[in-house]
> 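I'd like to ask you about the structure that follows.
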Amino acid sequence: METESEPYVRLATLRQVHQVMADMNTARSLADTLQTVADGVVAGLGYELACVNLVRPDGDLVVAAFSGNPAAEALITGRVGSRESWDRRLAMGERWGDLVFIPHTEGWILDDDDVPQWYTDGPAPRFEDEWHPSDRLFAPMYTPGVQGSACGELIGVLSVDRPRNGRLPGAWGREALQMYAFQAAIAISNARLRANMQRALVRLEREQQALRASEESFRQAFEYAPSGMAIAEMGGDQHGRILRTNDALCRLLGRPASAMRRYSFSDLVHPEDIGTLLRTSAEGGRAELRLGRRDGTYVWVSLRNSVVADAADGPRFLLTHVEDIEERKRRELQLAHRASHDSLTGLPNSAELRSRLSARLCERPTHVGALESTDAAYGHPAVYDANGHGFDFPGAAVYDAYDHHEHTVAPVEGGRDDGAKGLAVLFCDLDGFKSINDRFGHNAGDAVLIEVARRLTRGVRDGDTVARLGGDEFVILADGLGRADAQDLAVRLRNEIIQPIRAEGRAVRVGASFGIGWAHCGMTADEVLKSADERMYVEKRSRPKQHRRAG
């Protein structure tokens, strides 16, 4: 009779499966669909536990629904298992069509992975086809239309546990679970589509509401914006003419709204920034430039243009946002200064020294008498002072061609002073400085370095460069000196340095050794510095030890 009644039992099961499929396809939301899928496994397929693991956008799987045990549901719902662990599970075990069965003899290696799981208690199986408490059965759910395909997109995994009859599912049970997973994938995909459509409808409604209120919103946003706003004409003879400004822009530039309407931005921009403004106005976009205030000063602003267009008539006007960046520009200049200057003494550092020296040199052979200036041609100063400010050296001819350069020529070596002038490089090394550090500490040493830097800066011309090369080494770049001039400068600076220095409440002395090198085109900055350094050591060794050290 059992075999005769089997078709009737299967028909009843089919009716249950049909009902749960109908339920999951009529659920109102994605969350309801996921829960209905889990409940349907328990109600329609005869398993005691079911879990829906849903693929998240990042690829990991989250426990999105659970059915059959409230305690287990509270424990693992919402927990996440990595995609790597899930891929390992789906790649092992036995393949039952699209199902994956991992018997307890293999599944023990998965006990410590990060996939959320619930263990059910029960006796060990007595028969070969009996379900073991540690057996695992998974039904992957793929994108509809590519069920079982290697290239299909995995959208989730159904995991089931403990068939009610205690037996491993047979051919019919496996087919039913596989078919159910396929239909569940369709239901979940449809639920997602409905959710996306609902969100799109909500967004559309909100956009329509925003459109109806846009004119008032724009007016308030424009008028009460904390930063400057302006509307300017676009195209035609009046291109760029300001039509409307808000209070913030008027305050920033110190001009009333009535006066602003008499200008275009090209009337207000700094002459050097007019090209940047024209490119920004024509194309939209963002630029940093300077605008003139009523008092004649300029303020750095970030100017951002948006082209407001009409679908039928094309561009109508420019909406310009003006933000005060004067403080940021000031900080950027400070940061640039810190990057190129020594933090202790405030002098240009080694990198800045090499940059300034390299700017005066070229690799072409020296051509005496050529008065060409690369710095002047590009609008950069030819010489820098100790504070980093530049000026055009007297006598440097300015040419329009970009490749012109004023060649640096050194005075003739040896013999009498023929009156030739050149770029002198004085390499200064302090004598006796290490003993101050050793005896009185690094604070005293720092105080000495700071005072030496101050004395060197005070002892040179405004156009000369005083830099700290590192440690107790300093370099002076002095242009337009003859050999006698450079030697006199070294003597004056040495006499300044050897005067007593107050450091940590006591008077200390240091000496100084100077080596004088000459820069000329065809040399690199490192070669120039090396030459001056070598001359300094020659000078240091030539003097008696007691004359080199401080008193």
Side-chain angles (χ1 to χ4, degrees), residues 336-337 340-342 344-362 371 373-376 380-396 405-411 417 419-430 449-470 472-499 512-521 523-533 535-536 539:
H337 184 271
S340 61
H341 287 69
D342 175 49
L344 177 65
T345 64
L347 297 179
N349 59 20
S350 175
E352 178 66 11
L353 170 67
R354 285 173 166 81
S355 175
R356 295 186 185 185
L357 186 52
S358 297
R360 295 297 315 279
L361 305 174
C362 71
L371 293 177
S373 175
T374 299
D375 290 324
H380 300 306
V383 182
Y384 297 82
D385 63 17
N387 297 316
H389 300 122
F391 71 96
D392 292 327
F393 182 73
H405 174 72
E406 179 189 352
H407 289 289
T408 301
V409 182
D417 191 342
K421 308 286 187 181
L423 176 57
V425 181
L426 282 68
F427 198 109
C428 172
D429 182 79
L430 300 184
L449 292 174
I450 292 171
E451 178 59 20
V452 168
R454 188 186 69 81
R455 293 181 182 183
L456 289 173
T457 302
R458 186 180 59 192
V460 299
R461 301 168 302 176
D462 289 340
D464 297 335
T465 291
V466 178
R468 183 185 177 197
L469 194 60
D472 60 347
E473 296 177 335
F474 298 84
V475 173
I476 297 94
L477 304 182
D479 206 350
L481 298 186
R483 291 191 176 277
D485 299 329
Q487 292 168 359
D488 290 343
L489 176 60
V491 171
R492 290 200 310 272
L493 294 178
R494 181 184 295 113
N495 291 336
E496 285 286 335
I497 292 174
I498 64 176
Q499 300 302 316
S513 297
F514 281 85
I516 304 174
W518 297 93
H520 61 81
C521 288
M523 299 178 69
T524 66
D526 286 335
E527 289 172 343
V528 174
L529 294 175
K530 181 180 179 182
S531 172
D533 187 23
R535 294 171 187 267
M536 181 273 297
E539 194 269 348

> Before accepting this row, confirm whether a basic side-chain N of the pair E527/K530 lies closer than 4.0 Å to the acidic partner's carboxylate O.
no

> Taking only residues two or more places apart in sequence or in another chain, which ones pass side-chain contact (heavy atoms from CB on, under 4.5 Å) with Q487?
I516

> Can you tell me how far the CG atom of L344 sits from the CD1 atom of I450, to the nearest 0.5 Å?
4.5 Å

> Determine, step by step, whether R360 and L477 satisfy the side chain to side chain contact (heavy atoms under 4.5 Å, CB included) criterion, reporting the C-alpha distance in whole Å, the side-chain angles of both residues, the deciding distance to 0.1 Å, and the verdict.
CA-CA 11 Å; R360 295 297 315 279; L477 304 182; over 6 Å; no

> Which atom pair, heavy atoms only, marks the closest approach of A424 to L481?
CB-CD1, 4.2 Å

> Any carboxylate oxygen within less than 4.0 angstrom of a Lys/Arg side-chain nitrogen, looking at E451 and R455?
yes

> Identify the heavy atoms of L361 and A519 that sit nearest to each other, and give their distance.
CD2-CB, 4.0 Å

> If I compare all heavy atoms of F514 with all of I476, which pair ends up nearest, and what's the gap?
CE2-CD1, 4.1 Å

> In chain order, what residues pass the side chain to side chain donor-acceptor pair (under 3.5 Å) check against D342, with sequence neighbours excluded?
T345, R468

> Between S355 (side chain) and A351 (backbone), is there a donor-acceptor pair under 3.5 Å?
no

> How many angstroms lie between atom CG of D533 and atom CE of M536, to the nearest 0.5 angstrom?
4.5 Å

> Calculate, to the nearest 0.5 Å, the distance between atoms CG and CG belonging to L347 and N349 respectively.
9.5 Å

> About how many Å separate CG of D462 and OG1 of T457, when rounded to the nearest 0.5 Å?
11.0 Å

> Can you name the residues that form a side chain to side chain donor-acceptor pair (under 3.5 Å) with N495, not counting sequence neighbours?
none

> Looking at every non-hydrogen atom in both residues, tell me the closest pair between W518 and G482 and how far apart they are.
CH2-O, 3.5 Å

> Are side-chain heavy atoms of I497 and C428 found at a separation under 4.5 Å?
yes

> Taking all non-hydrogen atoms of both residues into account, name the closest pair between P348 and T465 and its distance.
CG-CG2, 4.4 Å

> In sequence, state the C-alpha distance, the side-chain angles, and the governing distance for R356 and E352, and then conclude on salt bridge (charged side-chain N to carboxylate O under 4.0 Å, His left out).
CA-CA 6 Å; R356 295 186 185 185; E352 178 66 11; 2.9 Å; yes

> When rounded to the nearest 0.5 angstrom, what is the spacing between CG in L449 and CZ in R454?
14.0 Å

> List in chain and number order the residues that pass salt bridge (charged side-chain N to carboxylate O under 4.0 Å, His left out) with D472, two or more places apart in sequence or in another chain; answer none if no residue qualifies.
none

> Tell me, please, which residues at least two apart from R354 pass side chain to side chain donor-acceptor pair (under 3.5 Å).
S350, D526

> Using salt bridge (charged side-chain N to carboxylate O under 4.0 Å, His left out) as the criterion, list what pairs up with D488, not counting sequence neighbours.
none

> Mind checking salt bridge (charged side-chain N to carboxylate O under 4.0 Å, His left out) for E473 and listing every partner two or more places apart, or none if nothing turns up?
none

> Apply salt bridge (charged side-chain N to carboxylate O under 4.0 Å, His left out) to R492 and list each qualifying residue two or more places apart in sequence or on a separate chain.
none

